[in-house]
Novice: 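One structure, pasted below without further comment.
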There are 2 protein chains.
Amino acid sequence: MSGAEERRGPGSLAHRVPDLGALELLLAVARTGSLGAAARERGVSQPAASSRIRSMERQLGVALVDRSPRGSRLTDAGALVTDWARRIVEAAEAFDAGAQALRDRRDSRLRVAASMTIAEYLLPGWLLALRAGRPDTAVSLLAGNSTAVAERLLADEADLGFVEGLTVPAGLDSAVIAQDHLIVVTAPGHPWARRRGPLAAAELATTPLILRERGSGTRQVLDAALGGLARPLIELSSTTAVKASAVSGAGPAVLSELAVREELGLRRLVRIPVRDMSLGRDLRAVWRTGHRPTGPARELLSLTRG
Amino acid sequence: MSGAEERRGPGSLAHRVPDLGALELLLAVARTGSLGAAARERGVSQPAASSRIRSMERQLGVALVDRSPRGSRLTDAGALVTDWARRIVEAAEAFDAGAQALRDRRDSRLRVAASMTIAEYLLPGWLLALRAGRPDTAVSLLAGNSTAVAERLLADEADLGFVEGLTVPAGLDSAVIAQDHLIVVTAPGHPWARRRGPLAAAELATTPLILRERGSGTRQVLDAALGGLARPLIELSSTTAVKASAVSGAGPAVLSELAVREELGLRRLVRIPVRDMSLGRDLRAVWRTGHRPTGPARELLSLTRG
DNA sequence: TGAGGGCATAAGCTGGTCTTATGAGTGGAG
DNA sequence: CTCCACTCATAAGACCAGCTTATGCCCTCA
């Protein structure tokens, strides 16, 4: 673990970033153009909204809204802050959708079983979209590996499943909903990040890599593509640990592009193109043979395809 | 027990999602494998951590950690929740990096001026990366349109600028750091989302679209590509408003792909391919002619290129 | 069997956020 | 010209969530 951040001082993120309630309020102010209207929309009193926005401005050290007797408009800085805030709120909405599905284990109208990677990176978004279209659909989520997903479906304890393996478990029908690609990534400072041409597969096979443990889906795909030759530099048991290790510069890692999309955007990791090798795998929706998804399950399924 | 909050639609994210401090604590527990160690890392007492995690579990209705006399491990659900939480914390880190740059207007080691789109979508990530490499660099940010950026640079009130126009303001040198593409998007329910082939440019020109106002950079590029023919269905003055309108299904919109990356991932919007038309524009770093970026500015510049 | 790490409970303090009640400025309608 | 409707700000008190310190129980290991 590369940690090594931990700046002491009067506090961390939570003290420098306004809490969710304040951010939501700010978005409401941006939308309505008035503190009072925003307060009404959020169900609090006008003085509460006024004071909350003011203390947020004090906390950030920046004026966010221009108050006038006929309304409030965002300042330039306020518009920027509002956009950044929206990012946080959206992440919180995805969290909420996921957490709610996790809580309602039983007696839901739609019971979903999904593999970890899909549950981590894709499902919250789908659940948000589903909630937008059908606000009253209670969804329950169970996360596990492919065999666990299959068991649930076959025992009729789940209506729809999502798996990412190379094969479809017996007794299930499936539809490919997307392709996932394993990609090679390094920290931006790594020599490979400055290469000109793409990496040859042979070179990848002879370089020690940060990898998931043997037996993991990711590792299986990689080993198959390389012919069982992958040389581990370190073996770690979670995607997150592999990412953290790669970000800290320990070496090149091989990960699902779903898992590193964020890090690539932030340039914490850099993608290294590879020639002569295809590291794709299908992401599939699955259901009991003969039990085509209907109702909410069908709805969710249709959301997962472009 | 509060029951009235439950039925309000958009009402209460903040009550259903743990606050940032709790989420950070959860990440620390995941990292360290112990409540006490996590408490130490976050600078609070062990009972505080214990109670906070417990109340988070109560709030979410899910057990997150398995406590044992020799440490605490995440449950399966806890691992999932932790990953979703990490998304929120990362958004908060970007917010913090941006807000800090916004606050330190003067006397910073690195003064950046950037156009709105870049400041909104790209800069926070760059600032995070810069902070990772050079923790002590104080950065100040000023957001405005291309001419404002140019003014700041020419008045030596900024060290490095970022613009997205079609042309480079006089007196400035530039380097292209990325390409931005305008894309056509609709809500998933729109008829265009079910088209088979790509859209013809002519069809785009004759369909009323949700657009930014005339004079905006986005609109200029679109009008140029269509030959001034774009027909507005509505004209709105912010990217956010256009997005919201398109998401709600009002019609097709044309937006920077930077602006809708999130929405495409969540399937709130769908990209409609278009033939016979290129809607690209360069994103450029700019600086005063003859004043090549050095020091922190050079560092930041190098981060912006893959 | 004692030491030490790990977690839980109890009691009291503090701070932030809410509420209601009120004041003060602006602009349009009668 | 006055009244009213709307905006936001201020003040005083209630309340709750989180923190701390002090303590106890459980388990493992030497």
Side-chain angles (χ1 to χ4, degrees), chain A residues 8-61 63-75 78, chain B residues 1-5 8 11-61 63-75 78 85:
Chain A
R8 55 152 212 82
S12 39
L13 264 189
H15 296 123
R16 293 190 306 249
V17 177
D19 65 61
L20 270 175
L23 298 180
E24 286 187 279
L25 180 62
L26 178 63
L27 297 189
V29 170
R31 190 166 37 246
T32 62
S34 145
L35 293 186
R40 254 170 278 130
E41 183 180 308
R42 312 255 357 115
V44 299
S45 68
Q46 172 266 318
S50 185
S51 135
R52 206 125 192 238
I53 296 287
R54 185 169 296 284
S55 72
M56 180 159 45
E57 289 178 313
R58 190 157 21 86
Q59 178 181 25
L60 298 178
L64 299 175
V65 305
D66 262 338
R67 291 124 171 115
S68 91
R70 51 177 201 289
S72 297
R73 296 190 69 76
L74 294 179
T75 61
Chain B
M1 282 310 215
S2 65
E5 301 290 314
R8 303 203 179 181
S12 49
L13 247 196
H15 299 284
R16 293 190 307 249
V17 177
D19 65 60
L20 272 175
L23 299 180
E24 286 187 277
L25 180 62
L26 179 63
L27 297 190
V29 171
R31 191 165 37 247
T32 62
S34 145
L35 293 187
R40 255 170 276 131
E41 183 180 307
R42 311 251 5 108
V44 299
S45 67
Q46 172 266 318
S50 184
S51 136
R52 205 129 191 231
I53 294 287
R54 185 169 295 285
S55 74
M56 181 159 45
E57 289 177 314
R58 190 158 19 87
Q59 179 181 25
L60 298 178
L64 299 175
V65 307
D66 262 338
R67 292 122 171 117
S68 89
R70 56 178 196 289
S72 297
R73 298 190 66 78
L74 294 178
T75 61

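Order of the sequence lines sets the chain letters (A, B, ...), proteins ahead of strands, with each chain counted from 1.
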Novice: Rounded to whole Å, please give me the gap between CD in Glu57(A) and P in dC8(D).
Specialist: 12 Å

Novice: For the pair Thr75(A) (side chain) and Leu64(A) (backbone), establish whether a donor and an acceptor sit closer than 3.5 Å, ignoring hydrogens and angles.
Specialist: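 Yes.
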
Novice: Looking at every heavy atom in both Ala14(B) and Gly21(A), which two are closest together, and how far apart are they?
Specialist: CB-N, 3.6 Å

Novice: What is the distance, to the nearest angstrom, from the NE2 atom on His15(B) to the C1' atom on dC18(C)?
Specialist: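 Taking NE2 of His15(B) and C1' of dC18(C), I get 11 Å after rounding.
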
Novice: Select from Arg54(B) and Pro69(A) the residue whose nearest nucleotide in DNA chain C is closer to the 5' end of that strand.
Specialist: Arg54(B)

Novice: Taking the side chain of Arg67(A) as heavy atoms from C-beta outward, which of dC8(D), dT19(C), dT20(D) is closest to it?
Specialist: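 In terms of side-chain proximity for Arg67(A), the closest of dC8(D), dT19(C), dT20(D) is dC8(D).
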
Novice: Using side chain to side chain contact (heavy atoms under 4.5 Å, CB included) as the criterion, point out the one residue from Met56(B), Arg58(B), Glu57(B) that pairs with Leu60(B).
Specialist: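 So, applying the side chain to side chain contact (heavy atoms under 4.5 Å, CB included) to Leu60(B) and each of Met56(B), Arg58(B), Glu57(B), only Met56(B) qualifies.
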
Novice: Please name all residues satisfying side chain to side chain donor-acceptor pair (under 3.5 Å) with Gln46(B), sequence neighbours left out, ordered by chain then number.
Specialist: none

Novice: Rounded to the nearest angstrom, tell me the gap between atom CG in Asp66(A) and atom C1' in dC8(D).
Specialist: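 The answer, rounded to whole Å, is 13 Å.
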
Novice: Looking for any heavy atom pair under 4.0 Å, which part of the strands does Ser51(A) touch: base, sugar-phosphate only, or nothing?
Specialist: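 Contact class for Ser51(A): none.
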
Novice: In whole Å, what is the span from the CD atom of Gln59(B) to the P atom of dA17(D)?
Specialist: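 Interatomic distance, CD of Gln59(B) to P of dA17(D): 11 Å.
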
Novice: Without swapping roles, check the side chain of Ser34(A) against the backbone of Ala37(A) for a donor-acceptor pair under 3.5 Å.
Specialist: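 Yes, Ser34(A) side chain to Ala37(A) backbone: donor-acceptor pair under 3.5 Å.
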
Novice: To the nearest Å, give me how far apart CZ (Arg58(B)) and C1' (dG18(D)) are.
Specialist: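 That distance rounds to 12 Å.
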
Novice: Expressed as a whole number of angstroms, how long is the span from Leu35(B):CG to dC25(D):C1'?
Specialist: 16 Å

Novice: Of all the choices, dT20(D), dA21(C), dC18(C), which nucleotide is nearest to the side chain of Arg52(A) once you look at every atom?
Specialist: dC18(C)

Novice: Please give, in whole Å, the distance from dA5(D) C1' to Gln46(A) CD?
Specialist: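 About 14 Å, once rounded to whole Å.
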
Novice: Using a cut-off of 4.0 Å on non-hydrogen atoms, how would the nucleic acid contact of Asp19(A) be classed: base, sugar-phosphate, or nothing?
Specialist: sugar-phosphate

Novice: With a 4.0 Å cut-off on heavy atoms, is Ser34(B) in touch with a base, just the backbone sugar-phosphate, or nothing at all?
Specialist: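 Contact class for Ser34(B): sugar-phosphate only.
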
Novice: Which nucleotide in the list dT9(C), dT17(C), dG18(D) gets nearest to the side chain of Ser55(B)?
Specialist: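 Nucleotide nearest to Ser55(B)'s side chain: dG18(D).
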
Novice: For Arg40(B), report the nucleic acid contact type (base, sugar-phosphate, nothing); a contact means any heavy atom under 4.0 Å.
Specialist: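 Here Arg40(B) touches the backbone only, sparing every base.
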
Novice: Closest-nucleotide mapping onto DNA chain C: is Arg70(A) or Ser45(A) further toward the 5' terminus? I mean the 5' end.
Specialist: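 By nearest-heavy-atom nucleotide position, the 5'-most residue is Ser45(A).
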
Novice: Specify the separation, in whole Å, of atom CG of Leu20(A) and atom P of dA17(D).
Specialist: 17 Å

